[in-house]
Amino acid sequence: MSEVNRPPPLRPLKCGNPDCAIARGGRCARAAEHPQPELTCPDLAREDPAAAPPPSPSTQAMSPGATVDPGTPAPWSGRHLDPGGLYDLMQHTPARLIGVLGPYNAGKTTLLTSIFLQVASDRRNHEFPYHFASSRTLHSWRQLIDRARAWSGKPTDEIVAHTPTAEEAGFLHLGLRPTSRSDDRHIDVLLSDLAGEWITDWAVRAQELSRQRLAFLRRCDGFVVLADSAELMGQKAGQMDATLAAILRRLGDLPPPATAHQRGLALVFSKFDLVVEQVSPPAADQRRQQIAWGALGRRAPRLFRAVEMTSSAGNATDVFAVSAFPRPLAQAQPIEVLAPLRFLMEHADARPRWPRPAYPVTRGSSSFLALRRPQETP
Amino acid sequence: MSDLYALAIVGLRGSGKTTYLGCLLDGVETGRVPGITQRSQPEDATAMIQLTARLLEGLYPLRTSTEQRHDLHLPLRTTPTLGTERALDLFISDYDGQEIERLFTDRAIGWSAAWRSRADAQHLLLFLRLPEGLPAIPPKPADSPTDPWQILRAQAARPLVDPPPDVTPAATPERIFGPAFPKEWSPSSAPLPDDPVPLPRGLELIEVLQFLREHRGLAPGQRPDPGQLRIAVMISGWDAAPPAWRDQGPRAALRQLYPLLATFLYCNFAPADIYAFGVSATGGDLNDPVYREQFVINEASGFVEWDGPTGLRHIDDIGLPLYWILTGDPVLSLGAPSSP
Amino acid sequence: MPDLDKMHERLRNLWNRWDLDVNAESTAMYRRALEITATWLDRGARDPATVLEGAQILQIDPENPGARTRGAVERLARELGTVWAGIERKLPWMQALVLASWPDSGAGAFALLPLMAPALAEQGYRGRLMQKKDVLEWWTGATQAGLEGPGGMNLAGVPESMEVAISAGPIVWFDLVAKVSICKHSIHSEKGQENSNQGVFSNVRDAIASVNAILDGLASHMGFQIPAHSTRQPDMTRLTQAVNNSWKFSDYADALLNMLTWQTSVIGTIWLTSNIRPAVNPRLASDLEFLSARRATPNVPFHQVADALIGILDWIDAHLQFLVFQQPILLSAWAAQRSLIQERWTRSAAQQELLFWGQARYCHGLGKPYRRMKSNPDQILFWAAFEAAQRAACLPGCESLVEPVTAYLCEVLHQLGLPTDDPQQARSLHAWLTGLQAVLSDAPKLSGQLGALLQRDALGLPVSWLRAQGAAADMTQAMARTGLDLDLKLDLGQWASWIFRECLLDLRLAQEPWS
């Protein structure tokens with residue numbers, strides 16, 4: 001690599017490359033070419049010795065007749081985050097990472113799209129106690145919505161495009177703010193958007209490549225596993241049951257999360273509108289029992305057994321019936337799409353009070369200590 | 001010695017930015033914006049003349065193109081209407097709507113130095129257009145949640161047995177904390193199962209606002225100190241809004257028509273620094289020859305409506321949002337109650 | 001120089017537990033950042049602002065919007081800027097660095113730690129699952145280090161232990177003295193463990209412990225040396241009567257005899273080494289002889305014993321000078337112990353004042369009994385906590401007494417009829433702050449020291465923030481400024497304790513000649 005003697009970068013660091021995280025303390029997107037990006041990377045905004053000092057903020061904005069310049073890339077791309085972007089964001093805050101898993105065509109991206117639409121409409125705060133506050137992937141959300149709103153309503157038509165089996169895993173981002181006005185936080189939530197083929201591959205074969213692609217699962221704060229209700233009620237029910245059970249068992253084998261909280265696992269029977277004539281969704285307190293799901297439960301014995309196993313492995317589990325797109329967007333609301341996310345956030349965003357720390361009282365300080373009453377246990 | 005104010009105007013194409021600016025400048029010249037008056041002629045009045053020329057003939061100004069971006073410097077003086085008189089230099093520039101949309105789609109270029117420098121503006125005027133084809137009656141929230149699965153089965157809807165957990169009076173934040181917290185709209189009710197899913201509007205505006213915040217060093221969710229960054233949300237074409245929508249007021253319209261933007265603003269800016277105004281810069285449709293004639297001879301003017309402290313208020317002075325940005329809440333008691 | 005390897009090991013544990021993204025090529029950067037953070041924190045021994053800011057960094061919730069622009073974060077980010085630009089955007093990393101390099105010693109201003117996070121002491125934190133375990137461990141360990149030894153902070157100049165070279169010569173007792181490692185923290189608890197027969201006096205700690213024991217007994221019964229802030233004197237007649245009734249000379253006679261023996265030894269040593277026999281004040285000699293003869297007598301007027309002991313202390317002060325040319329360090333050791341004795345004496349008097357205040361239940365600030373302020377419990381709470389803090393601030397090493405003094409404060413409030421531990425009466429922090437704001441008009445101003453610190457950041461210090469802002473405080477800003485969950489439920493006792501801690505922090509900062 002040729003050493004280029006470039007002027008020093010501007011402080012704070014600013015980089016024109018939307019994939020670069022160096023300004024946020026992360027890695028240079030071109031680290032391979034530039035091991036010392038601050039010295040050599042051309043994308044970094046650098047001091048111009050010939051330039052005049054910048055005018056004051058109030059006047060510089062408004063200098064009339066300013067020449068139009070094509071400008072630099074936007075601060076971020078707005079597309080799905082790649083694993084690099086994911087880990088970069090997770091260094092800034094304790095972001096909540098939710099793994100959305102399921103076989104091909106289980107409705108993962110459709111569920112994500114519907115979740116965004118519900119959060120965006122801000123009309124279900126009693127179901128989901130968070131407001132939308134930000135997103136680093138607005139462009140991707142918009143693409144999903146544009147596709148979904150063109151859906152005709154025919155079950156055979158795709159609602160959103162299938163997630164391609166791309167090079168790297170992709171993640172969608174939502175910045176949430178609790179609706180409680182005494183809770184002044186901004187919580188980054190990252191939702192994985194993966195091709196179903198990868199997930200099946202990982203669950204069934206668990207080869208090195210699959211493990212690497214899904215290495216982020218170890219860090220996940222919760223999982224949504226989607227099971228296509230219509231498939232389970234169809235002719236290939238046995239195969240689907242086995243695949244889903246394999247996914248759940250793999251999740252049960254993951255090491256427990258580094259943080260103290262319990263990991264949530266939501267099993268979602270997606271496209272439930274297609275089977276609602278045959279199956280009644282059970283009451284909340286019976287949802288984890290196979291028998292409560294009637295015909296659907298009878299066709300998924302391995303799946304419910306795997307749910308029990310992951311539950312006994314220390315995960316908090318629940319089962320949901322969801323219909324993300326019962327009819328085209330202009331005709332009906334989705335059903336229960338926020339319930340799985342709410343359930344996962346109850347664990348991933350648990351807010352127990354900390355215990356009172358032990359207070360040492362020094363030896364021989366004083367007879368005054370005798371005045372202290374013994375600590376009452378709560 | 002004068003105070004310096006830098007305002008940036010943000011809005012998508014057709015959101016009424018240029019029309020408002022033209023009417024505002026004309027109003028300052030003719031005294032129809034009585035709160036402020038010109039202190040002297042600006043050094044370069046070309047932009048002012050461009051903006052107002054067509055309005056003088058009763059025509060809408062032409063849309064801003066990239067080459068015609070307006071960077072205005074107005075030497076002004078406040079009048080006693082706004083309290084103590086003072087000199088102020090107002091710098092106004094606008095973000096071209098087409099550029100905003102292009103930047104959202106194609107991020108490779110477009111975040112220009114001029115854009116970045118505008119991000120340092122003290123306050124923002126955020127223009128929103130009333131969408132086409134609004135229903136005459138705003139959608140009403142559901143009285144009680146219903147079981148959507150029952151609807152799907154084409155059976156009679158029945159109410160859920162359990163009420164939503166956090167609507168009991170004991171749990172509302174108001175009961176616990178009183179009014180000292182930032183103002184927030186009341187919690188929304190659930191939609192009916194067969195209500196359409198609203199598609200989020202204004203994602204491009206949210207992205208630009210996120211870029212501005214990033215440029216200003218504001219972390220996501222970080223509210224600037226009160227008074228540091230006011231945003232007047234200007235819902236333009238307010239005269240064309242159906243009466244039921246106007247009766248609800250611009251705050252409710254913002255919430256219902258741009259819910260994602262509304263929550264984004266609430267979550268990222270001091271709630272006291274966001275105010276929604278229903279703005280009609282021309283007061284009517286200039287494409288209507290009768291109205292155009294009235295407008296040209298100054299018999300008709302623009303107006304602003306807003307949710308005042310005691311109800312909806314109306315004023316035939318389109319400078320009011322600007323007054324609010326310059327002086328804060330006291331001006332919100334100007335005008336008169338809006339007639340039904 | 002801090003132990004870099006140890007800090008690096010701690011950091012490694014933290015990044016594993018917190019899942020921080022580690023770049024293997026950046027080891028040198030991490031080590032340099034640790035070194036800078038440790039050097040910055042080390043200033044805390046003399047600079048309370050650093051301790052406060054360090055503690056604030058650990059209290060910050062990284063999910064709190066604007067956390068990266070808080071004063072404490074900006075301060076450390078400036079220090080680290082040369083090696084880790086943009087670390088303020090990676091708050092978990094910054095917190096891990098601070099945790100890993102927090103000094104083990106609690107010397108100097110680090111002793112203020114128990115006063116710096118009332119929110120932590122009153123369970124004011126929730127969530128933060130990732131950091132909870134490590135921050136709680138830090139808190140317990142760091143406060144333990146700060147609280148060990150009531151005089152820890154005031155003995156910052158004295159080495160932990162003194163290794164004294166043994167000089168060859170005929171002075172048997174002196175050699176024994178020299179072998180003693182005088183630990184500043186152990187003096188109160190460790191009795192002389194060796195009782196050598198080689199000398200007339202085996203262990204200087206025995207002697208000093210004897211002095212301490214007698215002085216403690218005496219001073220705790222004596223009502224003089226009232227702290228300057230008090231505007232009222234205790235009833236000396238009643239006090240003297242009470243002391244005389246409870247004083248039992250026989251309890252202290254053995255210790256006194258020990259002192260006499262030691263004094264005799266010093267006389268003998270000086271005589272041996274210099275052929276000069278030190279004189280003893282005839283009055284002191286007579287007193288000592290009198291007391292010695294009445295060892296078994298239960299009651300001797302305590303002032304007589306006090307006079308004798310003060311005489312002995314002065315005598316030792318004076319005559320140790322003769323031995324200094326041989327072992328100068330002995331003098332500093334004695335000075336340190338003398339200062340400890342003085343502290344204990346002062347503490348006893350300050351305790352007496354605090355006890356009296358609690359019994360009188362009179363508000364000096366407003367000039368009326370607390371019982372006459374019952375219509376306004378918020379006013380009682382603030383003034384009682386503030387006046388208790390005033391008195392506690394006179395207790396040497398008062399940081400070690402925070403818990404018992406707050407317990408005593410609660411007892412006083414309980415006596416006034418306030419429900420200190422009734423969960424039904426618990427209110428949100430927001431409600432308590434609103435109540436407090438209404439009664440702050442007559443409150444004493446915040447000290448300049450804490451006021452300056454709050455200018456930078458008021459994280460975790462809502463009471464001080466309110467006091468600094470006064471009636472003009474914008475309560476809508478309370479959550480952002482203090483970084484606390486304002487819906488935290490506190491009972492009256494917890495809230496009183498919270499005010500007490502912050503007031504005490506303010507007074508302590510104003511008291512010491514910090515650098």
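Fair warning: this is a prediction, and the values are worked out from it, not measured in the lab. Here is how names work: the chains are called A, B, and so on, in the same order as the sequence lines, proteins then strands, and each is numbered from 1.
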Quiz item: Ion pair present between A:Asp122 and B:Arg255, side-chain N to carboxylate O less than 4.0 angstrom?
Solution: yes
Quiz item: Given the options B:Thr105, B:Leu265, B:Leu103, which has more heavy-atom pairs under 4.5 Å with chain A than any of the others?
Solution: B:Thr105
Sort [X] into side chain, backbone, both or neither according to what part of it lies under 4.5 angstrom from a heavy atom of chain B.
X: A:Arg142; result: both
X: A:Arg79; result: side chain
X: A:Gln118; result: side chain
X: A:Asp184; result: side chain
X: A:Leu329; result: both

Practice problem: Quick one: pull up CG in B:Leu229 and CD1 in B:Ile274 and give me the separation to the nearest 0.5 Å. | Solution: 7.5 Å
Quiz prompt | Selection from A:Gly175, A:Ser135, A:Ala148, A:Pro328 maximising heavy-atom pairs under 4.5 Å formed with chain B | solution = A:Ser135
Quiz item: Does A:Asp349 reach the main-chain N or O of A:Met345 with its side chain, forming a donor-acceptor pair under 3.5 Å?
Solution: no
Quiz item: Angle class for the A:Phe325/A:Trp151 ring planes (parallel below 30°, perpendicular above 60°, tilted otherwise)?
Solution: perpendicular
Quiz item: Does B:Arg213 make a cation-pi contact with B:Phe269 (under 6.0 Å, within 45 degrees of the axis)?
Solution: yes
Quiz prompt | Within 45° cone of B:Tyr266 ring axis and under 6.0 Å: B:Arg223 NZ or CZ | solution = yes
